[in-house]
Protein chains: 2
Amino acid sequence: MVQKTPERSVNRMIEQATPLKNRLLNCMPLELQSRLIPKLKMMSLEQGSVVHEAGASLTHVYFPIDSIISLLHVLENGTTAEVSVIGNEGMIGVSVFMGGNNAQNQAIALTTGTVFQMSAIHFRDEFNQPDAVFRMLLLRYSQALITQMAQTVVCNRHHSIEQQLSRWLLMASDRLPHNDIIMTHELIASMLGVRREGITASAHKLKEVGAIDYHRGHIMIVDRIKLEKMSCECYLVVKRETDRLLPCHSVESPESVDTTSNWGSMISSGLHAKCISRV
Amino acid sequence: MVQKTPERSVNRMIEQATPLKNRLLNCMPLELQSRLIPKLKMMSLEQGSVVHEAGASLTHVYFPIDSIISLLHVLENGTTAEVSVIGNEGMIGVSVFMGGNNAQNQAIALTTGTVFQMSAIHFRDEFNQPDAVFRMLLLRYSQALITQMAQTVVCNRHHSIEQQLSRWLLMASDRLPHNDIIMTHELIASMLGVRREGITASAHKLKEVGAIDYHRGHIMIVDRIKLEKMSCECYLVVKRETDRLLPCHSVESPESVDTTSNWGSMISSGLHAKCISRV
DNA sequence: TCCTCTTTGTACGATAACGCACAGACGGAC
DNA sequence: GTCCGTCTGTGCGTTATCGTACAAAGAGGA
């Protein structure tokens with residue numbers, strides 16, 4: 001399910017990777033970061049691998065680096081819908097500190113990529129420190145997560161598949177270090193909780209107007225502005241609120257203050273290629 | 001907008017009302033409760049009154065007693081959808097401690113009823129106490145709130161208006177001290193984000209099968225079991241998780257351990273009628 | 001008692017999405 | 001180069017919900 005990189009090389013990679021290639025971790029003061037680094041293990045995830053099952057008791061939390069992880073709800077009849085999509089701006093496993101400790105939904109990797117893994121015990125230790133920096137930041141992230149879920153509620157209610165697909169592609173793109181969304185229509189359909197044919201039809205239209213291009217499991221954004229226009233307001237609402245709550249300016253990308261910036265590009269530029277060897 | 005009861009009588013009422021008629025407050029250790037009581041002000045809300053606007057900076061939090069408050073999202077085009085429904089099991093204003101401090105959605109009272117109001121400053125003081133009891137409980141509640149929102153995402157995607165109406169009525173009933181949901185089809189429609197006619201049609205069917213009865217702005221549940229069968233799984237999923245996260249056994253209603261129990265009945269029985277005079 | 005406003009009932013065409021079925025096209029394995 | 005499994009394209013009847021319009025039935029005030 002979840003594959004591990006040999007530990008020795010991992011630790012060297014993590015040290016080199018400072019500042020940490022996860023926005024949440026990168027927000028933290030440097031001394032906190034250096035306290036966290038020994039507790040982080042870099043791992044690679046295959047597309048489709050299950051990070052945790054629904055109802056599972058969580059033993060670890062995960063900070064995506066260049067992978068996208070989806071919180072997926074599976075109904076009794078087997079149909080699915082994505083509750084939240086999480087990339088380098090966040091983490092998997094908020095219930096570790098929210099309480100209950102049991103995930104309500106399945107977490108599944110949508111792309112092959114890397115994450116930082118941290119044990120729930122270490123994480124809780126840090127969360128309960130009297131120095132509230134870590135806690136405060138995690139709570140702000142939780143608020144961003146809530147915002148995303150709330151917006152998904154209304155988006156599911158009121159917006160067309162075409163709008164939702166546009167939104168979803170923009171969100172995916174923001175979390176990837178390159179402009180190649182390696183996903184089939186089928187996969188996206190199961191995330192949005194619609195038929196594959198619905199995605200095919202909408203994607204076709206987005207291609208016709210020149211917003212995207214795609215080709216057998218690969219989707220590229222060719223005109224981001226156009227795609228944002230095809231999308232509903234939901235994309236920008238969530239993005240703006242997340243930027244407001246986590247205004248972290250990473251060392252190598254001062255332009256991240258710009259709220260219209262692409263988080264993905266923050267990663268693809270700069271140190272990334274040097275520090276993290278893809279597994 | 002929000003009406004106040006004269007302060008002197010309020011404080012006397014609150015003292016008599018211990019244990020506090022809000023599940024969240026009632027979960028707390030007694031010494032914590034007595035520390036909180038001086039900071040609580042009881043207020044009445046009219047149906048339709050706005051507790052806070054979308055985007056507002058929150059100056060207070062609210063713990064519903066016998067009223068239902070809805071977090072409502074209003075889209076740019078004016079259409080609406082409910083993100084979450086909150087009653088005596090919870091509170092309004094989690095963003096006061098989550099961070100950001102700005103509510104993303106409008107909070108609106110769906111019923112005329114009473115709430116405890118507490119200033120955001122006092123609330124944050126308590127939340128940041130080194131003794132983490134208050135904080136832990138609030139985080140567990142936030143997790144329950146997240147669960148509700150996540151379930152609403154999938155419910156909006158996959159379930160019929162009839163199922164959603166059933167779920168919604170059950171949730172409303174759980175939060176009311178009596179079996180009289182004083183709401184028009186129009187109001188419920190704006191919460192579910194559907195047409196009024198859709199609610200009328202579904203309500204008609206629920207009435208025909210004998211699950212509910214209704215009459216010009218009043219809805220009564222006549223066969224709860226039947227209504228649960230007409231509902232989707234979403235109702236019980238959220239209820240079970242909330243019960244798991246907030247397993248608070250109030251003094252006067254030991255039967256609240258039963259997960260199928262009606263939270264509303266916890267309130268209607270016992271001290272309630274004596275302690276709280278409706279305004 | 002009557003009047004008026006609110007609430008609910010009903011109808012009907014339009015539309016978006018569904019379920020199903022199958023064809024065509026690509027691309028990696030051999 | 002060929003084969004085969006995967007992915008995308010497309011058609012078609014069905015269904016749920018929408019938008020709009022208007023009628024009927026309370027409920028409360030004059």
Side-chain angles (χ1 to χ4, degrees), chain A residues 46-48 75 77-81 110-112 154-169 180-209 212-220 230-232, chain B residues 46-48 75 77-81 110-112 154-169 180-209 212-220 230-232:
Chain A
E46 292 289 311
Q47 182 174 49
L75 287 169
N77 65 15
T79 56
T80 59
L110 296 188
T111 60
T112 297
V154 290
C155 196
N156 273 357
R157 168 60 64 210
H158 289 295
H159 297 141
S160 67
I161 294 184
E162 195 175 303
Q163 289 175 307
Q164 292 185 54
L165 174 61
S166 304
R167 167 181 66 82
W168 199 88
L169 290 174
D180 181 13
I181 303 173
I182 307 180
M183 293 179 196
T184 64
H185 295 179
E186 183 78 49
L187 177 64
I188 298 175
S190 67
M191 294 303 129
L192 294 182
V194 300
R195 287 180 318 149
R196 191 270 311 166
E197 294 89 331
I199 298 299
T200 298
S202 297
H204 193 78
K205 187 157 177 202
L206 294 179
K207 191 183 198 174
E208 268 187 339
V209 301
I212 65 171
D213 195 11
Y214 64 91
H215 190 64
R216 220 184 152 71
H218 294 255
I219 304 178
M220 287 130 288
M230 304 295 284
S231 163
C232 43
Chain B
E46 293 289 313
Q47 182 174 48
L75 286 170
N77 65 13
T79 57
T80 59
L110 297 187
T111 61
T112 297
V154 289
C155 197
N156 273 358
R157 168 59 65 209
H158 290 295
H159 297 141
S160 67
I161 295 184
E162 195 176 302
Q163 290 176 306
Q164 292 185 54
L165 173 62
S166 303
R167 167 181 68 81
W168 199 88
L169 291 174
D180 181 12
I181 302 172
I182 307 179
M183 293 180 195
T184 63
H185 294 179
E186 183 79 47
L187 177 64
I188 298 175
S190 68
M191 293 303 129
L192 294 183
V194 299
R195 288 179 317 150
R196 193 269 311 164
E197 293 89 332
I199 298 299
T200 298
S202 296
H204 192 77
K205 186 157 179 203
L206 293 179
K207 190 183 198 173
E208 266 186 341
V209 302
I212 67 171
D213 196 12
Y214 64 90
H215 190 64
R216 222 186 148 71
H218 295 255
I219 304 178
M220 287 130 290
M230 306 294 285
S231 163
C232 43

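Model, not experiment: these values are computed from the prediction. So you know, we letter chains A, B, ... as the sequences are listed, proteins then strands, and number each from 1.
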Would you mind telling me which residue lines up with the more 5' stretch of DNA chain D, Arg157(A) or His215(A), judged by nearest nucleotide? His215(A)
Can you find an N or O donor on one side and an acceptor on the other, under 3.5 Å apart, linking the side chain of Arg196(B) with the base of dG9(C)? yes
Mind checking Gly217(B) for me? I need base, sugar-phosphate or nothing, with any heavy atom below 4.0 Å counting as a touch. sugar-phosphate
Measuring to OP1 and OP2 of dC18(C), would you say a side-chain N or O of Arg195(A) lies under 4.0 angstrom away? yes
With respect to Thr200(A), which candidate in Arg195(A), Glu186(A), His185(A) satisfies the side-chain hydrogen bond (donor to acceptor under 3.5 Å, both in side chains) definition? His185(A)
For the pair made of NE2 in His158(B) and P in dT17(D), what is the distance, rounded to whole Å? 14 Å
Separation of atom CD in Gln47(A) from atom P in dT6(D), rounded to whole Å: 14 Å
Among dC5(C), dG11(D), dT17(D), the one nearest any side-chain atom of Arg216(B) is dC5(C)
Using a distance-only criterion (donor-acceptor N/O pair, under 3.5 Å, no hydrogens), is the base of dA16(D) paired with the side chain of Glu162(B)? no
Check this for me: Lys207(A), atom NZ, are more than 12 non-hydrogen atoms of other residues, nucleotides or ligands nearer than 6.0 Å? yes
Can you tell me the distance, in whole Å, between the CD1 atom of Ile199(B) and the P atom of dT17(D)? 10 Å
When rounded to the nearest 0.5 Å, the distance separating CD1 of Ile199(A) from CD of Gln164(A) is 8.5 Å
Where the side chain of His185(A) is concerned, which of dA21(D), dT8(D), dG9(C) is the nearest nucleotide? dT8(D)
Which atoms form the tightest heavy-atom contact between His218(A) and Asp180(A), and what is the distance? ND1-OD1, 2.9 Å
Nucleotide nearest Thr184(A) (side chain, heavy atoms from C-beta), chosen from dA21(C), dT8(D), dT10(C): dT8(D)
Output the rounded distance in Å from CG (Asn156(B)) to P (dA16(D)). 18 Å
If you take atom types as modelled and just measure distance, does the side chain of Glu197(B) reach the base of dA11(C) with a donor-acceptor pair under 3.5 Å? no
Reported CD1-to-OG1 distance for the pair Ile182(A) and Thr111(A), which is rounded to 0.5 angstrom: 8.0 Å
What is the distance, rounded to the nearest whole Å, between atom NZ of Lys205(B) and atom P of dA16(D)? 9 Å
Distance check needed: dT17(D) C1' versus Leu165(B) CG, whole Å only. 15 Å
Rounded to whole angstrom units, what separation is found between the CG atom of Leu192(B) and the C1' atom of dC18(D)? 15 Å
Rounded to whole Å, the CD1-P distance (Ile182(A) to dT8(D)) equals 13 Å
With a 4.0 Å limit, can you tell me whether Tyr214(A) has a side-chain N or O closer than that to the phosphate oxygens OP1/OP2 of dC26(C)? no
